[in-house]
Structures are given as C-alpha cells and as structure tokens.
There are 2 protein chains.
Amino acid sequence: MKKESEELVGVKEIARRANVSIATVDRVLHDRPGVSLKTKEKIQQIIKELNYQPNIVARTLASRKKLKFAILIPASSEETSYWKAPLDGVLQAEQELRQYGISVEKYLFDQNNRKTFLKQSAALLHQKPDGILLAPMFVEESNLFMQQCREHSIPVVFINSDLPGQSGLAYVGPDLYQSGYLSAHLISYLVRPADSILMLHITRELEMDHHLLRKEDGFRAYWQEQGYTHELITMHIGQTDPETIRKHISRQLKNPSIRVLFVTNSRVAAVAKVLEELDRTDLLLIGYDFLEDSIVYLKKNVIDFLICQKPQEQAYLGMMALYDKLVLNQPVKSVHFMPIDIITRENYLFYNN
Amino acid sequence: MKKESEELVGVKEIARRANVSIATVDRVLHDRPGVSLKTKEKIQQIIKELNYQPNIVARTLASRKKLKFAILIPASSEETSYWKAPLDGVLQAEQELRQYGISVEKYLFDQNNRKTFLKQSAALLHQKPDGILLAPMFVEESNLFMQQCREHSIPVVFINSDLPGQSGLAYVGPDLYQSGYLSAHLISYLVRPADSILMLHITRELEMDHHLLRKEDGFRAYWQEQGYTHELITMHIGQTDPETIRKHISRQLKNPSIRVLFVTNSRVAAVAKVLEELDRTDLLLIGYDFLEDSIVYLKKNVIDFLICQKPQEQAYLGMMALYDKLVLNQPVKSVHFMPIDIITRENYLFYNN
DNA sequence: CTTATTTTCGGGTACGTACACGAAATTTTC
DNA sequence: GAAAATTTCGTGTACGTACCCGAAAATAAG
C-alpha cells in the first residue's frame, strides 16, 4: 500500500537524477545493450524509487514496431450466418485499433471441416502475430494449436467457447453450463406434466462440438435438481442439410408426447422451417442466437424463445483484451461471461446483438 | 458502407493538398478563428474527402487542456462499507486515466442525509468537471442535479441504480428488477409450502431507496408468475441502528410461520447479527453484497445466500465510459447490466468483487 | 497614398518516448 | 606506448497534434 500519488515522472527526470542522457535511460528500460553494469544498476534503482510508469500514449506514438493481431474463427456460411456477428465485432475493434498501429489478420475456417482449421492455423502462425483471437471449435486441433502458441509465447483469447484445461490469456463468451441451465428453466414454464422434450444437437462434426454438450449438462442439471420426470430425448443430427434434418425430425415426431424442441445452436432456424412445412407450429421451439432467419420464425410464432449471448461483443471485447494486455500492459480478466439474453417476439426489436 | 480502408492520413496530408500550413488545418479542425471562409471551406472539403480521423494518441499527448472527472457517491460508513468497493473502482480507473492527463475529484455524501448530497453536488458543480459519475440515491435531488448537468452539458454516468426517466450518458449497474426476480427464484427452492417470507427494506431514508422497491417488484413478479401463495410480509425499517433492527425483527418473529428473511440491501449483516443473538440461525437469510461482515455470517451459516453485482467494476466501467466518450469520442453503451452473482459459503472464496 | 488596424496564415516548439548515428571513453592489441 | 577495436553514452530527429508568436496580407483609417 505505498502511495501511488507521486507526481508523474518521465525519463527526463530519471536521466537528470542519474546524470545520464535520456537515451541511456531508454536503453535500460528496454534492456538494450550498450550500458555499463554500474550505470544500469544505478538507473534501475532510480526507476524503482520513483515508481516510474512509462507514458503509454507517448510510447504508442513513438513506437516504430507495429503490432499484428490475428483471428481464427469459423466463416459465416450457408448453414448459419452466426459467425458474421463476431466478425463484425472484430472489424469494429480493428477500426479502433488501427490508430494504435495495430493490424488484424483474419483467418476463417469451415466449422464443418477440421482440415481447414489446420490449414488456416498453420498459415496464421506463419505470420507470427503478437496476439490471437480464437474460437476453439475443434478440441484436439485447438489444443495442438495452443501448444504452438505457447512455444512462441503468443497470448490467445478464446471466444464463443472455452477450451477445457487450456489456459489462454482470457475467455470471453457465454457460461455454457448456465446457458443450458437457463434454457431448462425457461422450458420448465412451457412444459406440461406428461410432455416429452426433444433436445437437438445439429452439427456435422462427429465428435460433437464440446460446447453443445456443456449446454446439455446445464440443462440436465436443472431438470434433475427440480426432480422433473419428463422424458428427455437427446438427438444428434450429423448432417446439416434441410432434407436430413427434416427426415430425422419427422421421424421423431411420430412420438406424440413430444411437445417441446430445444435446439442447442443456431440451427434452430432450420428446425423451424421443418416444423412449418410439417404444419407442426403448435410445438414449442427454443434455440440459440439472433439470426435473421430465426427472427423471421420468431415473428411467425414458430420459434418461441431465442437465447443470445452478444456474439459481436464477444469478439470485440476479446480483441480489446489483447490490446489491454499487449499495449497497455494491463492485467486482463481471465473470464468474462456474457449476459444470457432471452429474446421473444415481444422484445426482439429492442435487442442489440 | 464506404470503404474504411483508406490509408491513415494526418493533418500534414490535408495541408499539402490544400496548399496551406498544418496550423491552418488545425484551426479549421478546432473551429478556431483566423481562417478565411474560402480556405476554411476548401479544407473542410478535403477533410471530408479523405475521411480524416484525428490520431487520438497524438492528440492526447499534445493536448494541453487536462480533463477533470468528478464522482458523487455515498461514503463508506459505519452502517455499511458497501461503498468502499465502488470507490476502489474509481481509484483504479483514476490510476489508469492519470497518464491521459485526467484528474478525478471525489465528492462523497452521507446516504442517510439528503442535505449532504445537495451540499456536495453544489461543490462538485462549482468545479465544472468535464464528466460525472453519479450514484443517484435520492431521486428528487438527483433529478435537480441532472438538470444542472444538462445545462452545463456535462455527461453523467449512473452506477448502482438508474434514475427513472433521466437520460444520462450511460447506466452501469444491476438490472434491479431481474435481481429481485432472481432472489425470488432462489428463495423458491428454500421455502416450504406453509412458510411465510419476510422482506426487509432497511434504510433511513423515508422515501425508500427507489432501487429497493424495484427489487421488490421483481421479486413479487416472480412469485406471482409461479402462482405461489406463500405469505409475503414487507417491512421497512427506518432506523438503521442495531437496537431498532433487533426490536423490529424480534417482534416480527413472533409469527412462527416466518422461515425466510430477504434483506434487500447490504444491511443483511445487521440482520444476521440479530438472528445470531436471538439464536434463530435456523431461519433462512438472503441478502445483498459481498461485505466482510456478511461473509463472516455466510461462513457461520447464518446467511445462506448473498447476491452481488460487482460494485467495484461498476464504478470502474462507469469511469471508463466517460473516458470513451470524452477522450476517444466513441459511442458508449447506454445500459451495461452487471452479472447477478450468487455467493454461498461454498464459492465465496473464489469470488472477485 | 501612407499608416494603422485587422485578418489570415506559417514557422516553430512542445508533449514523452524510440531509436539511429556518431562521439567519447574505455579496453584490447601489437 | 600508440593504434585499433570495442564499449559506453549523448545528440538529434521522429511520431502526429496543439498552440504560441510573429510575419504577411488584406482591409480600414487618416
């Protein structure tokens, strides 16, 4: 608890006290060679005494070396435009960071194709960026990637989902468990005693996206805590084309007790389309993310609730965390959970994705 | 959607194109006199064409005029040390903002005394700060204060509670309604069919802190939605000394059906003390805020849940919102809700206030 | 038309740090 | 011992903007 109220001192004052030039002080500050051990120690002593804090503004202005950030996230696709929002957040951050001399390299991969992840991650590392924003969709591949980042001491910020057991610089995204838990809570209002619930993981990756499973965990935890006895049918649809989805769902709906469908990602729009075609809009449908397609069905009463987690802000804040760390040299919150927003046809107009 | 990818241009480039000196360009940029209408228009035209964005870093470094922020929040008191956390957040922000040449004037008032608010707010305005962080504890007085701020065009950020019907620059704090709603949800797990619930507003101000009432609204909304029929006893204790609190509570506890106590602010510690003295720690107690006193009772099992809303971060983020607006000239989120954290004796050790 | 006044403008320095370059001091070499 | 090599250090400029001060141009006053 030493007093922080010392007047702002600069290199000039340090140089004056040490009877050297500011260039020498600067060399010590950056641990550059060309300073005798004796004067180096003297200067370090004075720096400590004065609790010198470099002026970041001046440093940024004068600094020649420009930082380079890189992002590695899925591309927005036909299947889902979800990833457009995070990309927008990145662009917003890029806009603001440009005047600090920071450039942003964008590497997008196909979230249904691990190979593209590997390829893009290799290309990214080849650029030797100073900081990375990563959506770790594939656990194994991401772990390998993190390994390499650690070797190059490049800080990594996760968004959208965490990487279990990996310590990046920070995670900015939903509390997936809570998110599933909350969905369960919502659904508990809608469900009647004898109803069954169909939980749908729609993703092409065989080893299901780990974050979907964490949502399921949260969901089941709530259900168990409440002691509910409704039948809970989990289903993984590995093909994401409309026909396959339609086929699987219509088969399941032969079970007349199913009255609630819970889709664990943004593919809820595809399910809504199917329900509409099957003329089963009487079913209750809950899913994720604020996509245009989904909003259409929300308006039409096919989708009942959407749960959103500010994807754009996730990416924006993730980029800013890199800036805080690498430019301002500030400590960064290691976990930043986004709010869990509930969207209905009553409030979607006011929602800010 | 014009492309933003233009190279970064500075005043120098503008001056070159306009065949004038950078000083003249600067005068136009700051709307200072001494430029003929003709050249002024020419320069403005070029500025627009180039989509010139001033370099904030250089601007901050060169700027002579230092910004002054001011805060107007309750002082930490004997009654509750709650307000220590927001003050810490302010200090943290001050530390970071100092190198941008920003100073922070602190005005603290007694949250039990409207007069001190008036006095301090007058003193504050006399300083003519460039931005204000306000905890609007007293509705009427705060409205008056906001009026004056508007006249001087000083942006104001609210923390802790919003000011209904007033439009400040931003609000950073809890969603009070949701907070009460969540409390109700928590309590619904604890309560048994025949139990009564005692809701306690402990505050000296006659017109109860409006934010307590909003918590009550949220609470009652949940209760109603669920169709619960438990007796819900609301009580306002206007004296905050231990004896009065003890007297009121022990009187109420004559009612044997009361099994759950919900305290709508940090005075839950005082209630816990009473329950301990009365040897009624069997009662369930839920309250607000992560204060040392309360944690003691949480550990001792007298308090069952605490609900916290990151008071330190509220203030920190509020200050940074002023910085974003006034220095970076960036748009600011008008509402920033804090997470609603649930603290128990199992997880309090890991909580970051 | 000359002088005084006002308007318009440019040169130059400052902000605090980074770093190139060359000068001075020291050490090494023969 | 001097010359060469090396180490150590200071001077000066740059980053992009703000703003002082004085010069030049335009206008007004006599």
Side-chain angles (χ1 to χ4, degrees), chain A residues 6-44 46-47 50-67 97-102 326-329, chain B residues 6-44 46-47 50-67 96-103 326-329:
Chain A
E6 297 114 5
E7 286 308 299
L8 255 38
V9 293
V11 281
K12 230 183 313 188
E13 173 65 12
I14 298 172
R16 202 185 57 76
R17 299 210 187 191
N19 277 320
V20 295
S21 74
I22 58 170
T24 302
V25 176
D26 190 67
R27 275 185 273 263
V28 172
L29 281 171
H30 292 85
D31 208 26
R32 265 183 275 124
V35 186
S36 72
L37 190 63
K38 212 180 70 185
T39 55
K40 182 169 182 175
E41 280 172 348
K42 180 165 65 170
I43 291 173
Q44 283 175 327
I46 294 176
I47 289 176
L50 294 181
N51 184 30
Y52 165 74
Q53 302 289 115
N55 183 320
I56 313 264
V57 177
R59 167 169 292 182
T60 308
L61 182 61
S63 182
R64 250 91 176 178
K65 66 158 176 264
K66 305 300 181 185
L67 288 184
L97 293 178
R98 218 168 29 156
Q99 62 188 322
Y100 299 99
I102 298 171
L326 292 171
V327 179
L328 303 185
N329 206 20
Chain B
E6 298 114 4
E7 287 308 299
L8 255 38
V9 293
V11 281
K12 229 181 320 187
E13 175 64 13
I14 299 173
R16 201 184 58 77
R17 299 209 188 192
N19 278 320
V20 296
S21 74
I22 59 170
T24 302
V25 175
D26 191 65
R27 275 184 274 265
V28 173
L29 280 171
H30 292 84
D31 208 26
R32 264 183 275 125
V35 185
S36 70
L37 189 64
K38 212 179 70 184
T39 56
K40 182 169 180 172
E41 280 172 348
K42 180 165 62 168
I43 291 173
Q44 283 175 327
I46 294 176
I47 289 175
L50 293 181
N51 184 30
Y52 165 74
Q53 302 290 115
N55 182 321
I56 313 262
V57 176
R59 167 170 292 181
T60 308
L61 183 61
S63 183
R64 251 93 175 176
K65 67 156 176 267
K66 306 299 182 185
L67 289 184
E96 285 177 22
L97 293 178
R98 222 172 22 163
Q99 64 186 323
Y100 299 100
I102 298 171
S103 63
L326 292 170
V327 178
L328 302 185
N329 205 21

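Any value given below was found using the heavy atoms of this structure, including those in side chains, with hydrogens, waters and symmetry copies removed. Letters A, B, ... mirror the listed sequences (proteins, then strands); counts begin at 1.
For B:Asp31 and C:dT8, the CG to P distance is 13 Å, given to the nearest whole Å. At whole-Å resolution of the value, NZ in B:Lys38 and P in C:dT7 are 18 Å apart. Following rounding to the nearest Å, A:Lys66 (NZ) and C:dA18 (C1') show an atom-to-atom distance of 11 Å. The distance from atom CD1 of A:Ile47 to atom C1' of C:dT17 is 13 Å, rounded to the nearest whole Å. The distance from atom CD1 of A:Ile22 to atom P of C:dA20 is 15 Å, rounded to the nearest whole Å. Taking atom NZ of B:Lys40 as the reference point, atom C1' of C:dT7 lies 14 Å away to the nearest angstrom. Taking atom CD of residue A:Glu13 and atom C1' of nucleotide C:dG16, one finds them 14 Å apart after rounding to whole Å. Rounded to a whole Å, the CD1 atom of A:Ile56 is 14 Å from the C1' atom of C:dA18.
From A:Gln99, atom CD reaches atom CG of B:Leu328 across 7.5 Å, with rounding to the nearest 0.5 Å. Within the model, atoms CD1 of B:Ile14 and OG1 of B:Thr24 stand 12.0 Å from one another, a figure rounded to the nearest 0.5 Å. With rounding to the nearest 0.5 Å, the separation of CG in B:Leu61 from CG in A:Asn55 is 6.5 Å. Interatomic distance, B:Gln44 CD to B:Leu37 CG, rounded to the nearest 0.5 Å: 8.5 Å. Note: B:Asn19 CG to B:Thr39 OG1 = 11.5 Å, rounded to the nearest 0.5 Å.
In the set D:dT11, D:dC19, D:dG16, the nucleotide with an atom closest to the side chain of B:Leu61 is D:dG16. Picking from C:dC15, D:dC9, D:dT17 the nucleotide with the shortest atom distance to the side chain of B:Arg59 gives D:dT17. Taking only side-chain atoms of A:Val35, from C-beta outward, the nucleotide of C:dG10, D:dC9, C:dT17 with the closest atom is D:dC9. The A:Lys12 side chain lies nearest to C:dG16 when the options are C:dG10, C:dG16, C:dA18.
Between B:Tyr52 and D:dT17, a side-chain N or O to OP1/OP2 separation shorter than 4.0 Å is present. Under 4.0 angstrom from either OP1 or OP2 of C:dA18 there lies at least one side-chain N or O belonging to A:His30.
Residue B:Thr60 is out of contact with every strand shown, counting any heavy-atom pair closer than 4.0 Å. Using a 4.0 Å heavy-atom criterion, one finds that B:Asp26 contacts the bases of the nucleic acid, with or without backbone contacts as well. Residue B:Pro33 is out of contact with every strand shown, counting any heavy-atom pair closer than 4.0 Å. When heavy atoms are screened at a 4.0 angstrom cut-off, A:Gly34 is found touching base atoms of the nucleic acid. Note on B:Val57: nothing from the nucleic acid sits closer than 4.0 angstrom, heavy atoms only.
Both A:Ser63 and B:Ser36 sit near DNA chain C, but only B:Ser36 has its closest nucleotide nearer the 5' end. In this structure, A:Arg27 and B:Ala58 both approach DNA chain C, and ranking their closest nucleotides by distance from the 5' end singles out B:Ala58.
The shortest side-chain heavy-atom distance between A:Val327 and A:Ile102 falls under the 4.5 Å cut-off.
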